[in-house]
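One structure below.
Atoms within a ligand are numbered from 1 in the order they appear, just like the ligands themselves. Below, each value reflects all heavy atoms present in this structure, side chains not excepted, and no hydrogens, waters or symmetry copies.
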Amino acid sequence: MANHVDAIVIGAGFSGIYMTYKLREEGFTVKTLEKAAGVGGVWFLARYPGARCDSDSIYYNYIFSEELYKKWSWSSRFAAQDEILSYLNFVADELDVKKEMQFNTEVKSAIWDEDQTKWLVITAQGEEFTATYLISGVGCLSTSSIPNFQGRESFKGESYHTGNWPHTPVDLNGKRVGVIGTGSSGVQSIPVIAEEAKEVYVFQRTPQYSVPTRNRQFTEEEIAQFKEAFLDAREIMLNSPSGLPIPRSTRSVVDTPEEERVAILEDAWEKGGMILNNAFYDIVIDPKSNELVSEFLRGKIREKVKKSDVVEHLLPYYYYSTKRPILDTNYHDTYNQDHVTLVNLRQQPIECITENGIQTTEKEYPLDIIVFATGYDAMTGTLLKLDIRGRNGVSLQEKWENGAKVETYLGLGLAGFPNFFTITGPQSPSVLTNVPTAIEQHVEWISDCLNYLREHNVKTIEPTVEAEVQWSKQCTEIANGTLFTKTESWYTGSNIDGKSRDFLIYLNGLDNYRQLCNEVAEHGYKGYQLQYEEIKA
Ligand code: N01
């Protein structure tokens with residue numbers, strides 16, 4: 001007989017920690033199953049050199065509790081991976097949720113039992129659990145991806161993916177290191193790897209725009225000020241499109257006179273962080289606006305890179321900010337060092353990996369270590385890896401046609417999958433916001449929903465097909481009005497060979513989204529169908 005609880009939560013990252021706490025506090029029994037050996041989600045796994053958050057640390061945390069917020073002090077503007085992991089352990093201990101969590105436990109399948117109206121969850125370790133509700137907290141970027149390079153297994157040196165970095169130090173000293181990939185992980189790790197390694201070869205397919213992090217240690221006075229301003233900052237975060245205390249911009253790039261525009265961009269550049277990409281409202285809407293900002297950023301790369309034969313290969317020409325904006329510390333400057341070599345894969349694609357290194361169409365690069373900074377099967381990758389079966393045994397793979405037709409309602413629920421909720425699921429604002437703020441909104445909405453079901457004797461809840469189709473259509477229409485869909489990126493799924501192209505993020509802002517979700521709840525879960533318990537006379 002399987003262990004039964006009210007709710008099973010999959011994953012113990014930002015989502016799982018808060019969801020577990022919230023439901024337990026509301027009097028539900030909860031079991032949280034986590035594949036890794038501890039809490040943290042992606043912050044448990046992505047320990048690569050230089051791993052650091054690119055949201056300001058003082059906002060990249062839970063804001064539901066003033067007391068909790070004030071108990072923790074961040075050491076610097078952008079926290080490193082180990083500090084974020086310590087923070088998540090601190091929160092899990094403060095909320096005392098580890099007792100509801102089971103680590104080293106990988107959910108393999110979850111099957112809806114129509115007769116019993118409950119989920120049967122089976123783990124890779126052979127355990128079985130049943131639950132009335134199933135809640136995914138697996139995150140949007142938790143399945144790392146290594147492209148299918150021919151000969152990868154033959155490499156005799158060491159190789160690592162940035163998203164699954166070893167827990168013991170990797171000795172780079174005196175080594176020849178090849179890094180494939182120049183997304184956030186590559187851009188953060190390359191300068192740090194170059195400090196230690198004897199030779200660094202960067203295998204770049206697409207050059208990147210990047211804005212300085214301008215990281216720095218906080219003073220005690222600053223920390224006291226942040227805590228003092230917490231309630232005001234939270235109010236703005238909860239009502240902003242990004243979940244950050246940055247109001248919606250009303251400024252257009254093209255409509256701002258040149259002198260003023262450049263002054264705004266220079267100011268944002270000097271301040272660093274995510275200010276620049278939020279400085280105008282039309283950067284990802286109007287190609288002309290985008291080009292003006294893109295050219296400003298290309299100018300910065302030209303200033304930084306001193307080697308004239310290298311700089312031209314580092315200039316990006318995609319629409320700025322339609323790939324995830326990158327923050328860096330000394331990234332472009334790194335190419336001024338003689339032991340760092342840029343390999344332009346547009347000119348010499350990788351043919352295969354050999355036992356000695358990487359073979360491009362031009363030559364073989366002998367290496368001791370290969371770092372795959374090649375990203376994630378984002379948005380749907382982890383969900384589709386789980387064998388989740390809803391009504392009539394229909395699997396998520398079947399429903400979503402293996403990713404070719406992803407439809408959800410609010411990014412929170414799926415027709416045909418009763419009592420199943422996805423925190424930061426596809427078609428919610430998720431990764432185009434400050435993710436912890438988006439997570440809190442979902443967790444609180446799901447918790448309120450479960451309370452409603454309990455109070456109203458509702459046995460099952462699931463979106464209607466019509467609501468799902470309508471929501472998905474709306475998400476696509478909004479995305480098609482932007483430049484996001486015109487770029488190859490993990491946002492569109494085009495980073496994974498064979499994956500269907502789709503833009504699965506709700507783009508109208510967390511503020512509007514929050515209001516929509518509240519309206520759905522206030523109207524008795526509009527767009528959902530509810531099945532009530534039979535009340536015995
Ligand atoms: O992954 P990416 P990431 N041959 O997909 C290249 C979050 N994050 O791990 O651009 C050669 O962005 C690929 O090239 P191209 C953040 O949201 C946050 O860096 O597809 N190259 C690209 O350069 C981020 O956006 C933080 O042409 C290949 C790179 O690999 C997200 O995670 C830190 C290739 C992958 O870049 C993912 O970032 C780290 C191939 N076959 C991550 N396939 C912070 O908070 C792929 N590439 C700071």
Side-chain angles (χ1 to χ4, degrees), residues 14 41-43 45-57 59-60 77-81 83-84 139-150 152 160-165 178-190 192 201-211 213 215 272-274 277 314 316-318 321-329 331 342-353 358 360-361 370-379 381 424 430-436 438 487-499 501 505:
F14 263 101
V42 71
W43 294 110
L45 298 168
R47 299 164 183 247
Y48 59 86
R52 196 172 278 285
C53 185
D54 56 12
S55 282
D56 283 74
S57 55
Y59 309 125
Y60 191 80
R77 182 176 175 196
F78 294 98
Q81 172 271 334
E83 192 177 2
I84 301 172
C140 301
L141 292 155
S142 46
T143 294
S144 57
S145 156
I146 298 185
N148 196 14
F149 294 115
Q150 204 194 323
R152 184 157 72 84
Y160 307 103
H161 188 284
T162 44
N164 276 312
W165 201 260
V179 182
I180 306 177
T182 53
S184 300
S185 306
V187 167
Q188 279 190 335
S189 59
I190 287 161
V192 182
Y201 297 86
V202 179
F203 294 85
Q204 170 201 271
R205 192 164 65 180
T206 308
Q208 292 283 7
Y209 302 99
S210 187
V211 169
T213 310
N215 192 27
M274 292 290 180
N277 56 301
L314 287 166
Y317 286 94
Y318 67 89
S321 205
T322 55
K323 282 179 185 275
R324 158 90 185 195
I326 294 183
L327 302 185
D328 76 285
T329 302
Y331 173 64
L342 179 70
V343 181
N344 183 345
L345 297 181
R346 300 280 179 200
Q347 291 186 341
Q348 44 171 319
I350 293 174
E351 262 185 0
C352 62
I353 293 179
I358 295 177
T360 70
T361 49
I370 299 177
V371 175
F372 293 99
T374 44
Y376 297 85
D377 186 353
M379 312 312 293
T424 63
S430 70
V431 290
L432 278 164
T433 66
N434 182 39
V435 177
T487 297
E488 307 269 292
S489 72
W490 62 258
Y491 288 153
T492 57
S494 47
N495 63 324
I496 302 294
D497 289 340
K499 185 168 176 171
R501 234 189 124 115
I505 307 161

(request) Tell me, please: is T182 in heavy-atom contact with ligand 1, that is, under 4.0 Å? (result) yes
(request) Report the nearest protein non-hydrogen atom to atom 18 (C) of ligand 1: residue, atom name, distance rounded to 0.1 Å. (result) S184 CB, 4.2 Å
(message) Test side chain to side chain donor-acceptor pair (under 3.5 Å) on T182 and R205; report intermediate values, then the result.
(response) CA-CA 8 Å; T182 53; R205 192 164 65 180; over 6 Å; no
(request) Please state whether Q204 comes within less than 4.0 angstrom of ligand 1, counting heavy atoms only. (result) no
(request) Considering the heavy atoms of C53, write down every atom of ligand 1 situated less than 4.0 Å from one of them. (result) 45 (O), 48 (C)
(request) Calculate, to the nearest 0.5 Å, the distance between atoms CD1 and OH belonging to I326 and Y209 respectively. (result) 11.5 Å
(message) Tell me whether S494 contacts the main-chain N or O of R501 through its side chain, where contact means a donor paired with an acceptor under 3.5 Å.
(response) no
(message) Suppose we measure from atom 10 (O) of ligand 1 to each protein heavy atom; which comes out shortest, and what is that distance?
(response) K323 NZ, 2.7 Å
(message) Within the structure, is a non-hydrogen atom of F149 found at a distance of less than 4.0 Å from ligand 1?
(response) yes
(message) As an exercise, identify every atom of ligand 1 less than 4.0 angstrom from a heavy atom of Y48.
(response) 33 (C), 39 (C)
(request) Among all protein heavy atoms, pick out the one at the shortest distance from atom 1 (O) of ligand 1; state its residue, atom name and that distance to 0.1 Å. (result) G375 CA, 3.1 Å
(request) Measure the OG-OH distance between S144 and Y160 for me, rounded to the nearest 0.5 Å. (result) 15.0 Å
(request) Measure from atom 25 (O) of ligand 1 to every heavy atom in F203, W490, F372, F78 and give the option owning the shortest one. (result) W490
(request) Any chance you could measure R47, atom CZ, to N164, atom CG, to the nearest 0.5 Å? (result) 10.5 Å
(message) Taking distance alone, with N or O pairs closer than 3.5 Å, would you say Q208 contacts ligand 1?
(response) no
(message) Distance check, rounded to the nearest 0.5 Å: I370 atom CD1 versus I180 atom CD1?
(response) 6.0 Å
(request) Check ligand 1 against P147 and write out every atom of the ligand that is under 4.0 Å from a heavy-atom position of the residue. (result) 34 (C), 40 (C), 41 (N), 43 (N)
(request) State the atoms of ligand 1, each with its element, that fall below the 4.0 Å cut-off from a heavy-atom position in L345. (result) 11 (C)
(request) Calculate, to the nearest 0.5 Å, the distance between atoms CD and OG1 belonging to Q188 and T213 respectively. (result) 7.0 Å
(message) Please state which option from P207, G163, S185 has its nearest heavy atom closest to atom 42 (C) of ligand 1.
(response) S185
(message) Strictly below 4.0 Å, N to O, side chains only: are R52 and E83 in salt-bridge contact?
(response) no
(request) Enumerate the atoms of ligand 1 whose separation from the nearest heavy atom of G181 is less than 4.0 angstrom. (result) 6 (C), 23 (O), 29 (C), 30 (O)
(message) Would you compute the distance between atom CZ of F149 and atom CZ of F203 and round it to the nearest 0.5 angstrom?
(response) 9.5 Å
(request) List the atom of S430, the atom of M379, and the distance in Å for their closest heavy-atom pair. (result) OG-CE, 3.6 Å
(request) May I ask you to check whether T162 has an N/O atom sitting below 3.5 Å from an N/O atom of ligand 1? (result) no
(message) If we check side-chain contact (heavy atoms from CB on, under 4.5 Å) with P49, which of these qualifies: V192, I190, T162?
(response) V192
(request) May I ask which of G183, A373, S145 has a heavy atom nearer to atom 30 (O) of ligand 1 than the others do? (result) A373
(message) Out of R52, H161, Q188, R205, who is nearest to atom 14 (O) of ligand 1 when you count heavy atoms only?
(response) R205
(message) Using a plain distance cutoff, I'd like to know if T206 has any nitrogen or oxygen under 3.5 Å from a nitrogen or oxygen of ligand 1.
(response) yes
(message) Please give me the minimum heavy-atom distance between T487 and K323, naming the atom from each residue.
(response) CG2-CG, 3.9 Å
(request) Find all atoms of ligand 1 within a distance of less than 4.0 Å from any non-hydrogen atom belonging to L141, and give their numbers and elements. (result) 7 (C), 17 (O), 31 (C), 32 (O)
